[in-house]
Amino acid sequence: MKKVNPLYEGKAKILWETDDPALMVQEFKNDATAFDGTKHEVIEGKGRLNNTISSHLFGLLNEKGIRTHFREKISETEMVVERLEMLPVEVVVRNVAAGSLVRRLGIEKGATFDPPIVEFYLKDDSLHDPILSEEHIRVMGLATPEQVTGLKNAALAVNETLGSFLLERNMRLVDFKLEFGTVGGELVLGDEISPDTCRFHDAKTGEIMDKDRFRQDLGGFLEAYNEVLSRVSS
Ligand code: ADP
Ligand code: TMP
Ligand code: ASP
């Protein structure tokens, strides 16, 4: 398998076409962005950390029988993935109230949800990724009702597996965002699973170990990502 052309460059990653039409190389960049890309910094080492953390977590999900696009990590910043037809929908699972949920609804930060909340957002920066109801998804034709059920079930299965794996490593999975696509009609988890797309808190101290350190200018960004990597690989 050989890398051929960059097909898409986003805020945090580059997707490369390969000589195998079914496979792509997903390369993680050092760029950190927030607030629809309006806050931007290049952080040396971030690409390597997110690729390595994401490879570990996808590997775990594959082992547990959850269908993901991940095939293998091929360099410090690159992984081979299956090429998917992406759904323009972001699926967010929340175990603990944080971020936009607290800002939008005034729910107390730190409130816990059992069962967790599953939400859908439209993947469109120009509209600021608005929240979607299942009715919106239906009328906009973004996914079929069967796919919506599949997305919810898959997101909850990821939450179960990831949540207990992380808790054994002294991390609390507060919330996270997933992106799915299809191949041959089958729903497959794509994109990344990293401290950029999840909120991880130290289970004992509550210390923030994710991109909120960048969003909120808390400092200690690389230290936190390195600590996540060391716990995830233990
Ligand atoms: P953004 O598009 O939000 O700036 P990224 O920089 O993370 O995001 O770019 C990665 C892009 O690749 C995203 O649009 C994501 O939906 C897409 N993608 C992720 N996994 C796959 C895959 N397996 N096949 C095709 N596209 C994918
Ligand atoms: P939120 O509280 O800002 O809605 O974020 C919920 C989760 O989704 C959090 O773990 C961060 C993640 N997320 C992304 O991965 N990309 C995004 O663009 C946003 C807004 C959130
Ligand atoms: N990833 C998004 C952006 O770059 C937002 C975020 O994660 O806060 O704008």
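Quick note: residue numbers are just sequence positions, from 1. Just so you know, ligand 1 is whichever comes first in the structure, and atom 1 is the first atom listed for that ligand.
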Atom 14 (C) of ligand 2 [closest protein heavy-atom partner, distance rounded to 0.1 Å]: Lys177 CE, 3.5 Å
Checking contacts here: is it the side chain or the backbone of Val174 that comes within 4.0 Å of ligand 2, counting heavy atoms only? Could be both or neither. neither
Scanning both residues in full, the closest heavy-atom pair of Lys123 with Val89 reads CB-N, 4.2 Å
Atom 11 (C) of ligand 2: which protein heavy atom is closest, and how many Å away? Arg215 NH2, 3.7 Å
Counting from 1, what ligand 2 atoms have a heavy atom of Asp196 closer than 4.0 Å? 15 (O)
Taking atom 4 (O) of ligand 3 as the reference point, the nearest protein heavy atom with its distance: Thr33 OG1, 2.2 Å
Identify the two heavy atoms, one from Asn30 and one from Gly45, that lie closest to each other, and give their separation to 0.1 Å. OD1-N, 3.4 Å
Looking at ligand 2, would Asp210 count as a contact under a 4.0 Å heavy-atom criterion? no
Check Asp31 with Lys11, please: is the shortest side-chain N to carboxylate O separation under 4.0 Å? no
Identity and separation of the nearest protein heavy atom to atom 17 (C) of ligand 2: Glu90 OE1, 4.3 Å
Mark the output for Arg94 as yes if a heavy-atom distance to ligand 2 is under 4.0 Å, and as no if none is. yes
Taking only non-hydrogen atoms of Val81 and a 4.0 Å limit, the atoms of ligand 1 in range are 23 (N)
Give the residue and atom name of whichever protein heavy atom lies nearest to atom 7 (O) of ligand 1, and the separation in Å to one decimal. Lys13 NZ, 2.5 Å
Under a 4.0 Å threshold between the charged nitrogen and the carboxylate oxygen, would Arg67 count as salt-bridged to Glu82? yes
Lys NZ or Arg CZ of Lys39 over Phe214 ring: under 6.0 Å, within 45°: yes
How far is atom 2 (O) of ligand 1 from its nearest protein heavy atom, and which residue and atom name does that atom have? Tyr8 OH, 2.5 Å
If we ignore angles and hydrogens, is there a donor and acceptor under 3.5 Å between the side chains of Asn62 and Thr68? yes
Kindly confirm or rule out an N or O of Glu82 lying under 3.5 angstrom from an N or O of ligand 1. yes
Selected option - heavy-atom contact closest to atom 12 (O) of ligand 1, from Val89, Leu87, Asn50, Leu15: Leu15
Within 4.0 Å of some non-hydrogen atom of His69, the atoms of ligand 1 are 20 (N), 22 (C), 23 (N)
Which atoms from ligand 3 have a heavy atom of Lys211 less than 4.0 Å away? 1 (N), 6 (C), 7 (O)
Polar side chain donor-acceptor pair, Asp124 to Ser126, under 3.5 angstrom: yes
Does either side chain, that of Glu135 or that of Ser133, offer a donor lying less than 3.5 Å from an acceptor on the other one? no
If you measure from the Lys or Arg side-chain nitrogens to the Asp or Glu carboxylate oxygens, is any gap between Arg83 and Asp20 under 4.0 Å? no
Under a 4.0 Å threshold between the charged nitrogen and the carboxylate oxygen, would Arg231 count as salt-bridged to Glu227? yes
Do we see a donor-acceptor contact under 3.5 Å between the side chains of Ser75 and Arg48? no
Please find the pair of heavy atoms, one from Ser100 and one from Arg94, that lie closest to each other, and give the distance. OG-NH2, 3.1 Å
Under 4.0 Å to a heavy atom of Arg215 - the qualifying atoms of ligand 3, by number: 6 (C), 7 (O), 8 (O)
Verify whether one side chain among Glu119 and Tyr121 offers a donor that lies under 3.5 Å from an acceptor in the other. yes
Atoms of ligand 2 under 4.0 Å from any heavy atom of Phe176, numbered from 1 in the order shown, are 10 (O)
Side chain or backbone, does Leu84 bring an N or O within less than 3.5 Å of an N or O on ligand 1? yes
N/O separation below 3.5 Å, Ala12 to ligand 1: yes
Residue among Arg199, Lys211, Lys109 satisfying salt bridge (Lys or Arg N to Asp or Glu O under 4.0 Å) with Asp175: Arg199
Which protein heavy atom lies closest to atom 4 (O) of ligand 1, and at what distance to 0.1 Å? Lys11 N, 2.7 Å
Side chain, backbone, both or neither: the part of Lys39 lying under 4.0 Å from ligand 3 by heavy atom: neither
The closest protein heavy-atom partner of atom 26 (N) of ligand 1 is Met86 CG, 3.4 Å
Hey, are Glu27 and Lys29 close enough for a salt bridge, meaning a charged N less than 4.0 Å from a carboxylate O? no
Closest contact, heavy atoms only, Ala155 versus Val93: CB-CG2, 3.6 Å
From atom 19 (C) of ligand 2, is the closest protein heavy-atom distance below 4.0 Å? no
Give the atoms of ligand 3, by number and element, whose distance to some non-hydrogen atom of Gly37 is under 4.0 Å. 3 (C), 4 (O), 9 (O)
Mind checking whether Gln26 has a heavy atom under 4.0 Å from ligand 1? yes
Counting heavy atoms only, name the option from Ile131, Asp125, Asp175 that's nearest to atom 7 (C) of ligand 2. Asp175
Nearest heavy-atom contact between Gln216 and Ile208 is OE1-CD1, 4.4 Å
Given Val188, Asp36, Asp191, Leu7, which one has a non-hydrogen atom that is nearest to atom 20 (N) of ligand 1? Asp191
Within the 4.0 Å heavy-atom shell around Met24, which atoms of ligand 1 are there? 24 (N), 25 (C)
Any idea which protein heavy atom is nearest atom 6 (C) of ligand 2, and the distance to it? Arg199 NH1, 3.7 Å
Kindly assign one of parallel, tilted or perpendicular to the pair Phe58 and His69, based on the angle between their ring planes and the thresholds 30° and 60°. perpendicular
Give the numbers and elements of all ligand 1 atoms closer than 4.0 Å to a heavy atom of Glu179. 15 (C), 16 (O)
Below the 3.5 angstrom mark, is there an N/O of Lys123, backbone or side chain, next to an N/O of ligand 1? yes
When you measure from atom 1 (P) of ligand 2 to each heavy atom in Ala98, Gly99, Ala34, Ser100, which option holds the nearest one? Ser100
Using a strict 4.0 Å threshold on nitrogen-to-oxygen distance, state whether Glu78 and Lys3 make a salt bridge. yes
Please check whether Lys11 reaches ligand 3 - meaning an N/O of the residue sits under 3.5 Å from an N/O of the ligand, judged on distance alone. no
How far is atom 9 (O) of ligand 3 from the closest protein heavy atom, and which atom is that? Asp36 N, 2.5 Å
